[in-house]
Amino acid sequence: MTDSAKPTLLVVDGHSLAYRAFYALPVDNFTTKDGQHTNGIYGFLSMFVNLLKAEKPTHLAVAFDTSRESFRTREYTEYKANRAETPSEFRGQIPLLQECLEAMGVTVLTKPDFEADDILATLATQGVEAGFRVLLCSGDRDTIQLVNDDVTLLYPSVQGVSQLKRYDPPAVVEKYGLAPEMYPDIAALVGETSDNLPGVPKVGEKTAVKWLTQFGSLDALLEGAHTIKGVVGGNLVAHVEDVRRNRRLNRLLRDVELPVRPEELIRQPLDAQAVRDIFARLEFRTLLPRVFEAAGEVAQDEPQAAAEPAPQARQASATELAAWAGGSQVETGVTVTILGGLPERIGLARIVEGQGAEAVEATWSDEVAEALAAWLASDAPKVLSDAKPQLKALGRAGLRVSGIAYDPILAGWLLRPSFPDKTLGDLVERYLGEKLPEADPSQLVPETEGATPGQLSWYALRVVTGLRDELAESVASVLVDIELPTLSTLADMELAGVAVSHEKLSRFSGELGTRADAIAQEAYAAIGREVNLGSPKQLQEVLFEELQLPKTRKTKTGYTTDAAALADLQEKAHHPFLDMLLQHREATKLKQIIDGLDAAIAPDGRVRTTYVQTGSQTGRLSSTDPNLQNIPVRTEESRRIRAAFEVGDGYDSLLTADYSQIEMRIMAHLSGDPGLIEAFNTGEDLHRFVGARVFGVEPEDVSPAMRTKVKAMSYGLVYGLSAFGLAKQLRIDQSEAKSLMIEYFARFGAVRDYLRSSVEQARVDGYTETIFGRRRPFPDLTSPNRQLRENAERAALNAPIQGSAADIMKIALFRIHNDLRDLRSRVLLQIHDELVVEVAPGEWDEVERIVRERMGTAAQLTVPLDVQVGRGADWNEAAH
DNA sequence: ATGCCCACGTA
DNA sequence: CGTACGTGGGCATT
């Protein structure tokens with residue numbers, strides 16, 4: 001067998017290489033937003049994919065140490081004892097790295113009581129016997145002993161992990177002057193400081209090689225030690241036992257018992273979905289295509305699991321379609337493809353037990369619409385993947401859809417709210433292990449046909465089985481009882497849009513533009529030059545270099561210039577520029593919001609947002625294009641923007657309804673705190689009531705300052721606030737914040753007990769749960785990384801509260817939507833705890849009654865749900 | 001063109 | 001060192 005024809009086995013010492021990467025890469029650039037350090041993982045994987053590309057191994061494994069303990073530490077307790085404690089920031093990366101490798105189809109090997117290099121030695125030995133060309137990659141010099149004609153070592157150079165030096169026998173001889181198998185003899189004489197193995201004093205590599213060459217072997221040298229003259233000779237005699245011990249310890253074991261043979265390490269295809277998931281968690285972007293590329297050759301060689309062929313969809317006439325749809329009680333998959341916002345084609349699919357799959361489809365037409373209208377509006381169960389855009393398209397075509405039994409995208413989000421599968425294709429890969437056929441959009445005449453609507457419906461039906469199996473009962477009820485009814489409601493809200501006055505906006509925008517320009521001129525005058533006031537980078541130059549103002553809080557790229565920091569600066573070192581800058585920020589920010597909103601007004605004068613039902617990890621909605629959930633409200637001036645949201649033509653008024661303090665009420669309910677429950681049942685102002693208890697005064701004697709403090713504390717509780725954060729927020733001493741917290745918890749102890757126990761429960765279960773059973777997993781609650789763990793604890797504290805509030809609002813929302821079915825009034829907006837309804841003439845009383853009733857009774861808590869209702873011609877007016 | 005960072009709007 | 005979001009400008013990168 002020629003060398004090139006031999007299969008190549010690559011075995012990597014994961015621990016030593018990741019450890020080198022950990023020190024080679026700056027941690028600042030490799031930290032996720034949650035605080036997980038990833039520099040070791042990134043550096044290792046980057047090196048690893050380069051290695052795969054360059055060496056194209058046919059067989060592959062990565063070995064790890066299990067711990068610092070091994071048979072060597074037992075034999076010699078001082079072994080590696082001088083090493084600093086492995087940083088926890090590094091240790092925490094190892095399980096994640098292993099997870100990455102497993103997702104990439106790479107075998108990860110560990111063996112308790114042995115080091116990774118013993119695994120390398122064993123596999124190298126077995127590999128050569130089995131006829132492999134073996135490549136080893138390790139950052140531990142002891143592996144040099146393994147090099148021979150069939151075994152090459154790739155050793156990271158000092159410059160970094162990306163540069164690997166190849167050690168074959170000639171390279172070892174050139175570097176050390178001796179054959180590879182004698183390297184441990186050199187090391188035994190010289191010693192290895194990193195392993196805490198002291199060698200013979202005054203003996204370095206040069207001397208060791210000279211002696212070994214002279215005597216021919218270590219044994220011969222040690223026996224003849226007394227013949228060597230001088231101080232070093234004496235040293236050798238005195239340290240013979242040390243040398244023997246060193247040699248025992250640096251011998252790598254070639255016969256470790258392993259669960260696999262080299263032949264079984266044949267490269268496996270990667271699990272694309274798993275790789276995407278873990279890389280998303282680690283926020284690796286550029287690495288993803290490199291990994292796929294490196295894995296490409298393997299994936300093609302490996303036969304895919306035989307995918308069930310998609311049924312050929314029969315092209316049907318309108319009447320055939322209607323007959324087919326109406327002909328069964330089995331769940332039907334429905335897919336509408338959409339063109340320009342309207343239905344273009346429709347496909348239906350069905351899987352009948354024992355009879356296989358069937359699909360029909362048709363190009364959209366008035367006849368099709370008419371034929372399918374009754375069935376679509378019926379309760380016949382339908383599965384739609386990412387249903388909302390399809391419901392909207394059908395809605396624009398004048399069709400209502402009922403009987404939505406499942407939306408796989410929503411189900412996937414409920415299972416993994418932190419990493420939702422975004423497309424049906426993602427779910428097909430996850431649950432079926434198949435690729436959804438996709439037409440290549442870059443090709444004019446695609447080589448591969450994309451799935452047709454009928455086939456997509458069939459795929460949607462098939463993933464439902466896996467999702468149903470995985471969905472816990474409580475979560476399934478959140479899907480059926482909350483999310484699916486909400487889905488149809490949102491489709492109608494998005495279609496309705498909200499009327500926004502271009503006139504009001506453009507007038508305001510003009511004013512703000514003029515003002516911003518004037519302020520900018522003043523600002524330039526204050527510093528004697530022009531800068532881009534919108535550039536934090538340029539501002540830092542001005543503030544901290546030219547004006548020499550005291551430095552603010554650090555950011556990744558310098559020092560912050562945010563509003564809070566600028567206000568602080570203004571107090572410490574008055575400078576007119578600061579005030580100008582703050583005013584300029586305010587004006588330009590408002591103008592930016594206004595102009596964005598103005599641009600979103602459709603020809604009919606209405607703005608239509610998109611609610612992303614899977615847009616949060618807690619159960620809330622999010623709003624995009626434009627975001628109507630962050631329209632300014634806090635300042636008098638910014639409310640002019642809300643005033644531009646008007647009642648539409650043909651309608652009477654806007655109704656706003658919001659829950660007051662819903663999160664604190666949920667906190668009262670979940671904690672069962674008698675004091676807090678009483679606060680809500682007496683009808684007293686919450687913060688006044690709490691303030692009276694905390695400060696031991698009568699409610700009427702609670703000063704504004706006291707009220708502010710307990711209010712901040714109450715809200716902070718919901719977010720997992722610390723004394724530090726509370727002090728910062730209130731600009732008081734940390735000691736005062738601390739005593740405030742102590743006083744608060746002395747009066748409302750059940751709140752603290754609840755918060756503590758709910759995080760504890762989440763640590764045990766691995767997830768939190770809302771009142772209605774919505775779950776959110778928290779794997780990081782047991783992380784060794786403190787920042788990561790504490791972040792998870794705060795989020796876990798908040799999730800049941802924020803999530804329960806979201807559940808309650810959704811329930812109220814779709815019930816109101818249903819109740820309004822026979823009225824002209826309609827819900828337009830949801831802003832987490834607030835709804836905006838457009839009320840038709842003559843319907844006010846009825847609508848107000850419905851809204852109050854539904855919001856007030858969406859959940860039965862131990863405290864009442866208080867609802868504030870307002871009426872006006874615009875959103876600002878209605879808010880009062 | 002694309003992606004990251006900063007800053008800031010809401011509940 | 002307080003949760004959950006989305007947007008837009010600047011700026012470095014491709």
Side-chain angles (χ1 to χ4, degrees), chain A residues 28-29 33-35 283 285-286 417-418 531-540 552-566 581-582 584-586 588-597 599-600 609-612 614-635 638-639 641-642 658-664 667 712-730 734 737 755 768 776 786-787 790-803 805-806 809 829-835:
Chain A
D28 288 358
N29 301 350
K33 61 180 186 330
D34 293 337
E283 297 173 9
R285 279 163 285 266
T286 52
S418 303
V531 288
N532 184 341
L533 296 173
S535 163
K537 190 162 163 274
Q538 294 183 33
L539 288 176
Q540 286 172 48
T552 56
R553 176 171 53 84
K554 276 202 166 190
T555 67
K556 271 192 179 181
T557 52
Y559 299 94
T560 184
T561 65
D562 69 21
L566 293 182
L581 178 55
L582 282 166
H584 186 263
R585 280 253 178 88
E586 203 177 306
T588 49
K589 179 73 184 174
L590 274 187
K591 183 171 189 298
Q592 181 189 311
I593 293 170
I594 290 163
D595 293 347
L597 202 54
T609 184
T610 301
Y611 289 105
V612 184
T614 57
S616 80
Q617 302 185 47
T618 52
R620 278 189 176 183
L621 304 174
S622 74
S623 159
T624 66
D625 284 319
N627 180 357
L628 296 186
Q629 289 180 324
N630 71 343
I631 302 301
V633 69
R634 291 192 204 285
T635 67
S638 71
R639 280 183 223 121
I641 302 180
R642 293 208 167 202
D658 61 87
Y659 282 119
S660 54
Q661 293 136 352
I662 187 167
E663 294 191 338
M664 280 305 286
M667 176 86 99
M713 170 90 198
S714 291
Y715 277 105
L717 280 179
V718 178
Y719 303 139
L721 187 69
S722 63
F724 178 93
L726 186 64
K728 207 175 109 181
Q729 158 94 19
L730 290 170
Q734 212 166 314
L755 292 172
T768 59
R776 176 173 169 189
R786 199 180 80 171
Q787 194 199 336
E790 290 179 346
N791 287 349
E793 285 169 353
R794 286 192 300 275
L797 210 92
N798 173 261
I801 300 169
Q802 190 184 117
M809 182 49 118
L829 302 176
Q830 188 257 38
I831 308 98
H832 307 306
D833 64 2
E834 173 184 7
L835 294 178

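Only heavy atoms go into these numbers, but all of them, side chains included; no hydrogens, no water, no symmetry mates. Convention: sequence-line order gives letters A, B, ...; per-chain numbering from 1.
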Just checking A:V612: base, sugar-phosphate only, or nothing, at a heavy-atom cut-off of under 4.0 Å?
-> nothing
Mind calculating the distance between CD (A:Q592) and P (B:dT10) to the nearest angstrom?
-> 13 Å
Round to a whole Å and report the spacing from OH of A:Y719 to P of B:dA11.
-> 10 Å
Within the structure shown, what part of the strands sits under 4.0 Å from A:K589 by heavy-atom distance: base, sugar-phosphate, or nothing?
-> base
Measure from CG on A:D34 to C1' on C:dA4 and round the result to the nearest Å.
-> 13 Å
So which nucleotide from C:dG6, C:dG10, B:dC8 ends up closest to the side chain of A:N627?
-> C:dG6
Selected nucleotide, minimal atom distance to A:T561 side chain, candidates B:dT10, C:dT7, B:dA7 = B:dA7
Counting heavy atoms from C-beta on, name the nucleotide in C:dC1, B:dA11, B:dC5 closest to the side chain of A:V633.
-> B:dA11
Using a cut-off of 4.0 Å on non-hydrogen atoms, how would the nucleic acid contact of A:T588 be classed: base, sugar-phosphate, or nothing?
-> nothing
Side-chain-base donor-acceptor pair under 3.5 Å for A:R585 and B:dA7 | no
Judged by atom type as modelled, is there a donor-acceptor pair below 3.5 Å linking the side chain of A:N798 to the main-chain atoms of A:V718?
-> yes
Distance-only donor-acceptor test, A:N630 side-chain atoms vs B:dG9 base atoms, 3.5 Å | yes
Would you classify A:K537 as touching base, sugar-phosphate or nothing, given that sugar-phosphate means primed atoms plus P, OP1 and OP2, and contacts are heavy atoms under 4.0 Å?
-> sugar-phosphate
Just checking A:R794: base, sugar-phosphate only, or nothing, at a heavy-atom cut-off of under 4.0 Å?
-> sugar-phosphate
Round to the nearest Å and state the distance from A:R776 atom CZ to C:dT3 atom C1'.
-> 9 Å
From the options B:dC6, B:dA11, B:dA7, select the nucleotide whose nearest atom is closest to the side chain of A:H832.
-> B:dA11
Most 5' of A:P417 and A:G596 on DNA chain C, judged by nearest nucleotide | A:P417
Which nucleotide sits closest to the side chain of A:Q538: C:dA4, C:dC11, B:dC6?
-> C:dC11
Side-chain-base donor-acceptor pair under 3.5 Å for A:Q802 and C:dT3 = yes
Would you call A:E663 and A:R620 a salt bridge, using N to O less than 4.0 angstrom?
-> yes
When all nucleic acid strands are considered with a 4.0 Å heavy-atom cut-off, which category describes A:G716: base, sugar-phosphate, or nothing?
-> base
